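These numbers were taken from a predicted model, which means no experiment stands behind them.
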Amino acid sequence: MISFESDYIAGAHPQVLKHLCETNLEVLSGYGSDIYCKTAADKIKKACECEDAEVFFLAGGTQTNSVVISTMLKDYEGVVAAVTGHVSAHEAGAIEYTGNKVLTIPQHDGKIDPKELEEYLRGFYADQNHEHMVFPGMVYISHPTEYGTLYSKQELEKISNICRAFEIPLFMDGARLGYGLMSKQTDVSLPDIARLCDVFYIGGTKVGALCGEAVVFTKNNTPKHFMTMVKQHGALLAKGRLLGVQFDALFTNDLYFEISRHAIEMAERLKDVLIEKGCTFYLESPTNQQFIVLEDKKLELLKGKVGYSFWEKADNTHTVIRLATSWSTKQEDIDKLSELL
């Protein structure tokens, strides 16, 4: 069976695993105070062109979203996100569980529109009853979005300026950030993101690591006693080296970007096959996630032969599915899918 189910169906990239094995018997301090967490953080700050940034390593995306949002918001504040945003749709209410509300606004292929965001924020403060409402205390976006789409630099600048005007932070979920940065259709760089966002994270779980996300605070705005609160949330690893070693490998010799570039190249070849086979695309994605509409009868024929992700029902007889590429995707996988289609 071949699988395009997700970008974390395989373990770690061989070079990441090699670094873990090479350092396995080293005696290192715990809780992220080891030398590899430090060198990884330094490499990330250099890549971001933001030497003043503070970098922290957490184990997973949901933990990261929950911890960052809950530590940066006050009790009476919520986070503004697209209705399809990960924190709104696919995190089992993790944000609400820690005491903050997700304030949803419309989505456009997964993205929020700067004009609609500004209208929402202005409308909140124009409401004379807003003291009785949940305050918008942060804006959350993901890049790429849940639909594999990307923000342009101009869109990010507009959203960032709106956040500055309303004095609230902009938080970018970068679980798949590498695939956005390596997309052939992007004009956004890692330094751009560091400049325009108040906090973001660089995803490792979906980009070559066994697990791990690197949180980057860029405006001298790390919440007070952040690591204490990370531990309070049950998200602090005693063996923090596990994360530091992996990110040290990912940010050595541009491995993170090479992994992402490979996935994009595989996605382009996958897209060519899907076009050749006459597949209907649900939307246009310039990253490693591709969404197509297939007849349910066709899906039955693929069952047990191809791994994919259910996305949503298109109608009574058609389903939207997602096919994702990663560092482990091979040309043979795409060739086999072509035969099956």
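A distance-only check finds no donor-acceptor pair linking the side chain of T104 to the backbone of A82 [under 3.5 Å]. Formation of a donor-acceptor pair under 3.5 Å by the K219 side chain with backbone atoms of R195 is found in this model. Side chain of Q63 to backbone of G60: a donor-acceptor contact under 3.5 angstrom is found. A side-chain donor-acceptor contact under 3.5 Å links K271 to the backbone of S285.
Minimum interatomic distance between L150 and P286 (heavy atoms only, all atoms of both residues): CD1-CG, 3.8 Å. Across every non-hydrogen atom of I95 and E91, the tightest pair is CD1-OE1, 4.4 Å. Scanning all heavy atoms of the two residues, the minimum distance from Y151 to I112 falls at OH-N, 2.9 Å.
Between the side chains of E295 and T317, no donor-acceptor pair is found at a separation under 3.5 Å. A side-chain N or O of D315 and one of H318 form a donor-acceptor pair less than 3.5 Å apart. Counting only N and O atoms by type, the side chains of T62 and N65 include no donor and acceptor under 3.5 Å apart. T145 and T149 share a donor-acceptor pair across their side chains, judged by distance under 3.5 Å alone. Between the side chains of H233 and S70, at least one donor N or O sits under 3.5 Å from an acceptor N or O. Between the side chains of Y282 and Q290, no donor-acceptor pair is found at a separation under 3.5 Å. Counting only N and O atoms by type, the side chains of D248 and H19 include a donor and acceptor under 3.5 Å apart. A donor-acceptor contact closer than 3.5 angstrom is absent between the side chains of S29 and D34. Using modelled atom types, one finds no donor on one side chain facing an acceptor on the other under 3.5 Å when comparing N220 with D52.
In this structure, the side chains of V306 and L340 come closer than 4.5 Å at one or more pairs of heavy atoms. Counting only heavy atoms from C-beta outward, the side chains of V320 and I292 never approach each other to under 4.5 Å. Side-chain contact between V207 and Y179 is present, with heavy atoms from C-beta onward closer than 4.5 Å. The side-chain heavy atoms of Q15 and T252, taken from C-beta on, include no pair separated by under 4.5 Å.
The ring of W327 has its center no closer than 6.0 angstrom to the ring center of H262. In this structure, F291 has its ring center under 6.0 Å from that of W311. With ring centers used as reference points, F56 lies under 6.0 Å from F226.
A salt bridge is absent between D254 and R261: the closest approach of a Lys/Arg side-chain nitrogen to an acidic carboxylate oxygen does not fall below 4.0 angstrom. With salt bridges taken as basic N to acidic carboxylate O contacts below 4.0 Å, none links E332 and K336. Salt bridge annotation for D272-R269: absent, with no cationic side-chain nitrogen under 4.0 angstrom from a carboxylate oxygen. For E51 and K46, the salt-bridge test fails: no basic side-chain N is under 4.0 Å from an acidic carboxylate O. Using a cutoff of 4.0 Å between basic side-chain nitrogens and carboxylate oxygens, E339 and K305 are not scored as salt-bridged. Remark: E146 does not engage R322 in a salt bridge, criterion side-chain N to carboxylate O under 4.0 Å.
Under the ring-ring contact (aromatic ring centres under 6.0 Å, His included) criterion, no residue pair touches residues 96-116, with sequence neighbours excluded.
For F200, the ring-ring contact (aromatic ring centres under 6.0 Å, His included) test picks out no residue, with sequence neighbours left out. Residues satisfying the ring-ring contact (aromatic ring centres under 6.0 Å, His included) test with F4, not counting sequence neighbours, are none.
Cation-pi check for K74 over F135 is not met; the charged atom does not lie both under 6.0 angstrom from the ring centroid and within 45 degrees of its normal.
Ring orientation note: the planes of Y201 and F171 are tilted relative to one another, at an angle of 30° to 60°.
With hydrophobic clusters built from ILVMFWY side chains whose heavy atoms lie under 4.5 angstrom apart, L210 shares a cluster with I44.
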**OP:** Start with the C-alpha gap between I193 and L181, add the side-chain angles, then the distance that decides, and say whether side-chain contact (heavy atoms from CB on, under 4.5 Å) holds.
**Re:** CA-CA 10 Å; I193 290 168; L181 294 171; 4.0 Å; yes
Subject >> Intermediate values then yes/no, side-chain contact (heavy atoms from CB on, under 4.5 Å), E155 and S152 >> reply: CA-CA 5 Å; E155 288 172 325; S152 67; 3.2 Å; yes
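Under the side chain to side chain contact (heavy atoms under 4.5 Å, CB included) rule, V215 has a single partner from L58, T222, V67, which is L58.
Within 6.0 Å of the CD atom in Q331, the count of heavy atoms belonging to other residues, nucleotides or ligands exceeds 12.
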